[in-house]
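Structure record follows, encoded as structure tokens.
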Amino acid sequence: MSLMKRNQLMLLTTLLIVMTSVVVHLLHRFTEFAYTYTILRNGADGYVYSSVTWVLFALPLVFLGMMLVSLKRESKMFPYWMMLTLTFASISTVAGGQGLVEYHFSIFVVLAILSFMRRIDLILNLCGTAFSRVFFISCAYLWNE
């Protein structure tokens, strides 16, 4: 498969992942999706969406725009923008889904998609970045039950 066709396929796949994140945000914010389950798990009613959640909602959309720009310019940065978009879409899905355990598995989908690019540096950047470690460790200690 040529590089251009692979990039186009990855753009479509990334768009679907970002749209999934948007749907999760919409379902949890504006409907009673998983309402009973959330109460049973969190022990509380009324989840407050902070400004951080709104920023995490917007970041994948911004990175997706940067992906489009880099694809049009045939930039070497396309895979890196894709990695950032997918990573933040996964984080956004977890944040928008009120931290439910099921959404945490989206990071494995991101790893599988990145492996399609056949570039180990993308996977190592995703797994080894200080941001990923700091984010997940802070979530474990700051926002635990």
Side-chain angles (χ1 to χ4, degrees), residues 5-73 75-145:
K5 287 195 182 271
R6 183 178 293 158
N7 285 350
Q8 289 174 345
L9 178 64
M10 296 313 294
L11 180 65
L12 178 64
T13 305
T14 304
L15 177 66
L16 290 173
I17 298 295
V18 170
M19 294 315 299
T20 301
S21 173
V22 170
V23 167
V24 167
H25 276 270
L26 293 175
L27 281 174
H28 282 274
R29 288 179 193 220
F30 302 113
T31 68
E32 292 187 4
F33 182 75
Y35 179 74
T36 307
Y37 177 69
T38 305
I39 289 175
L40 290 173
R41 183 183 171 277
N42 295 337
D45 184 17
Y47 181 82
V48 178
Y49 288 96
S50 66
S51 57
V52 174
T53 309
W54 285 104
V55 169
L56 288 174
F57 172 75
L59 276 176
L61 299 172
V62 170
F63 290 145
L64 183 66
M66 295 303 293
M67 249 179 90
L68 287 170
V69 169
S70 69
L71 182 66
K72 294 290 182 189
R73 293 184 179 174
S75 170
K76 303 262 186 221
M77 293 300 293
F78 178 82
Y80 297 103
W81 285 117
M82 181 191 65
M83 177 194 63
L84 282 172
T85 305
L86 289 170
T87 302
F88 279 95
S90 175
I91 293 169
S92 175
T93 302
V94 173
Q98 301 173 348
L100 295 179
V101 172
E102 292 80 2
Y103 295 126
H104 284 77
F105 289 99
S106 65
I107 196 67
F108 297 116
V109 174
V110 171
L111 283 171
I113 292 170
L114 287 177
S115 68
F116 178 75
M117 290 298 283
R118 297 180 183 163
R119 290 187 50 188
I120 194 70
D121 63 327
L122 296 176
I123 296 171
L124 291 176
N125 282 335
L126 171 69
C127 297
T129 58
F131 175 78
S132 295
R133 291 185 207 157
V134 168
F135 179 77
F136 285 110
I137 290 171
S138 67
C139 285
Y141 289 107
L142 297 177
W143 292 302
N144 62 358
E145 298 167 13

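- Here the rule is side-chain contact (heavy atoms from CB on, under 4.5 Å) with Leu26, and of Val23, Val24, Val22 only Val22 fits it.
- Under a 3.5 Å cut-off, the side chain of Thr85 and the backbone N or O of Trp81 do form a donor-acceptor pair.
- Evaluation of the ring pair (Phe, Tyr, Trp, His ring centres under 6.0 Å) rule for Phe57 yields His25 as partners, not counting sequence neighbours.
- In this structure, Thr53 contributes its side chain and Ala95 its backbone to no donor-acceptor pair below 3.5 Å.
- Every residue two or more places apart in sequence or in another chain that forms a side-chain contact (heavy atoms from CB on, under 4.5 Å) with Leu11 is listed here: Leu64, Met67, Leu68, Leu71, Phe78.
- For Ser21, the side chain to side chain donor-acceptor pair (under 3.5 Å) test picks out Ser92, with sequence neighbours left out.
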Using distance only, find each side-chain donor-acceptor pair of residues 12-19 under 3.5 Å and give its atom names and separation, not counting sequence neighbours.
unit_1: Thr13; atom_1: OG1; unit_2: Leu9; atom_2: O; d: 2.9
unit_1: Thr14; atom_1: OG1; unit_2: Met10; atom_2: O; d: 2.7

